[in-house]
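What follows is a single structure, written as structure tokens, with notes after it.
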Protein chains: 2
Amino acid sequence: MKTDFCKPSRRSPRDRIVEAARDLFRRRGIRGTGVDAIADAADSNKMTLYRHFSSKDDLIVECLRQAGMEMDGFWRELEDTYPGDGLGQLRAWIRRIAEHLDGDTCQCEMMSAAAQLTDEEHPGREVIRLFKDAQRDRVVELCRRAGIADAELLADTLLLLIEGARAAQQSSGAEGPSARFAEIADAAILSFAGSGTASR
Amino acid sequence: MKTDFCKPSRRSPRDRIVEAARDLFRRRGIRGTGVDAIADAADSNKMTLYRHFSSKDDLIVECLRQAGMEMDGFWRELEDTYPGDGLGQLRAWIRRIAEHLDGDTCQCEMMSAAAQLTDEEHPGREVIRLFKDAQRDRVVELCRRAGIADAELLADTLLLLIEGARAAQQSSGAEGPSARFAEIADAAILSFAGSGTASR
DNA sequence: CGAAAATGTTACTGGTCGGTAACACCGTCG
DNA sequence: CGACGGTGTTACCGACCAGTAACATTTTCG
């Protein structure tokens, strides 16, 4: 039995390290974050870190994997909330992103990581690629279920708008073009939904 | 009189340093590029670099400034080619960006720099902010001249699509959503142009 | 309890990086 | 010529950083 009644927030060192790493990577960047700082922020130490991860790159990959799994969880959550309702899920997705834009932390580590892992051979890039591909497939499927005629085109449009909103947030700040992201994305959906709805 | 007939490509060390820095920053990232590598690539040396720039950050700022000036030149070029034709300039702008997407180098250093300069106090962030604001104003003006009713909304839409295309290029590769950027952007312009044209 | 596994602590290595000092070189111009 | 400004070369400093070794401590569990 775990005696976690007095330290309920205390998870395993490994989990704390990954959590701390993700936080620091978001705030200070991947290259700008040293392993000592990660271990320190995780209230652990460098040795324990290197017992769980063979290298910093290994830790980076794990962080990206966890970020991807969290997104998967969100997708499932959406499916549960709007079962079979592609349009509802699309809209909820957009709403969620718009909310998270205002937050200080750019929720999607994938994009900023892609900008920082300049080495094309970095193992993390494969994780990013797989995630993006899966995300695109999912969005295309949602568009299709929403009865959009050219589902791929709307999906790509929305994906571009989303990545753009995140990027604009970083370069132009919250008052820049990203401020009207939700409005713009909804308009895109509307214009596609109006032009053609499939059979069922 | 300068005897530059035998070395016409040899510009001043300062120019070569900035050029080399911009190239390396694009390819290996800002944090991933050391000053030694820059001086070396510029066929110069670290001392000369530090005689022209007080620090690496100073050099970064100069690189961003030059990138901004090049874009200004492109805007003027557009105005000369399509004088007074907002729609033509918008379309040419999109075409140009789409072409540059395929290239190996992400032409706009501003965005990737924004992702890498995690320090909010970095002097380069001010340059980026100013550039983005000016760019937005310019695009809004073009939309207005194109007779778009809600010029700001189309401008923000296009800006999001463009930033998104660049970001998607980095994370998903050239075959991702960015492949259809031009198509999507043109469709956005069309949908706005159809819904309302101003007086003159 | 007692052994084993996991975790923590300290100190270290080898390398990189931003930045500087001292000095030598080389063209220009008076 | 000679002074001088811009440039190149070498060596160095201090800070940081990824990763490791050796040892002490705590936790887990039979």
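In this structure, B:Cys63 SG and B:Leu24 CG are separated by 9.5 Å, a value rounded to the nearest 0.5 Å. B:Cys143 SG to B:Arg138 CZ: the interatomic distance, rounded to the nearest 0.5 Å, is 13.5 Å.
In this structure, B:Tyr50 places its OH atom 18 Å from C1' of C:dA22, rounding to the nearest Å. One interatomic measurement links the two molecules: CG of A:Leu49 to P of C:dT9, which rounds to 14 Å at whole-angstrom precision. The interatomic distance linking B:Asp40 (CG) with D:dG8 (C1') rounds to 13 Å, in whole Å. Going from atom CD1 of B:Ile30 over to atom P of C:dC17 covers 15 Å, rounded to whole Å. We find that CE of A:Met47 is positioned 16 Å from C1' of D:dT26, with the value rounded to whole Å. The distance between atom NZ of A:Lys46 and atom C1' of D:dC23, rounded to the nearest whole Å, is 17 Å. Regarding B:Leu24, its CG atom lies at a distance of 15 Å from the C1' atom of C:dC17, rounded to whole Å. Taking atom CG of residue B:Asp57 and atom C1' of nucleotide C:dC17, one finds them 13 Å apart after rounding to whole Å.
A side-chain N or O of B:Asn45 and one of B:Thr48 form a donor-acceptor pair less than 3.5 Å apart. In summary, the side chains of B:Gln116 and A:Gln116 do not present any donor paired with an acceptor at a separation below 3.5 Å, with no hydrogens or angles considered.
Residue contacts for A:Ser54: at a heavy-atom cut-off of 4.0 Å it reaches no nucleic acid atom on any strand shown.
At distances below 3.5 Å, at least one donor-acceptor pair connects side-chain atoms of A:Arg16 with backbone N or O atoms of A:Arg11.
Between A:Thr48 and the phosphate of C:dG8, there is a side-chain N or O to OP1/OP2 separation shorter than 4.0 Å. Between B:His52 and the phosphate of D:dT7, there is a side-chain N or O to OP1/OP2 separation shorter than 4.0 Å. Between A:Ser44 and the phosphate of C:dG8, there is a side-chain N or O to OP1/OP2 separation shorter than 4.0 Å.
Not a single donor-acceptor contact under 3.5 angstrom links the side-chain atoms of A:Lys56 to the base of D:dG19. You won't find any donor-acceptor pair under 3.5 Å spanning the side chain of B:Arg51 and the base of D:dG5, going by distance alone.
Among D:dG19, D:dT7, D:dT9, the nucleotide with an atom closest to any side-chain atom of B:Asn45 is D:dT9. Comparing D:dT10, D:dC17, C:dG8 by their closest approach to the side chain of A:Arg16 singles out C:dG8. Checking C:dT7, C:dT20, C:dT10 against the side-chain heavy atoms of A:Pro13 singles out C:dT7 as nearest.
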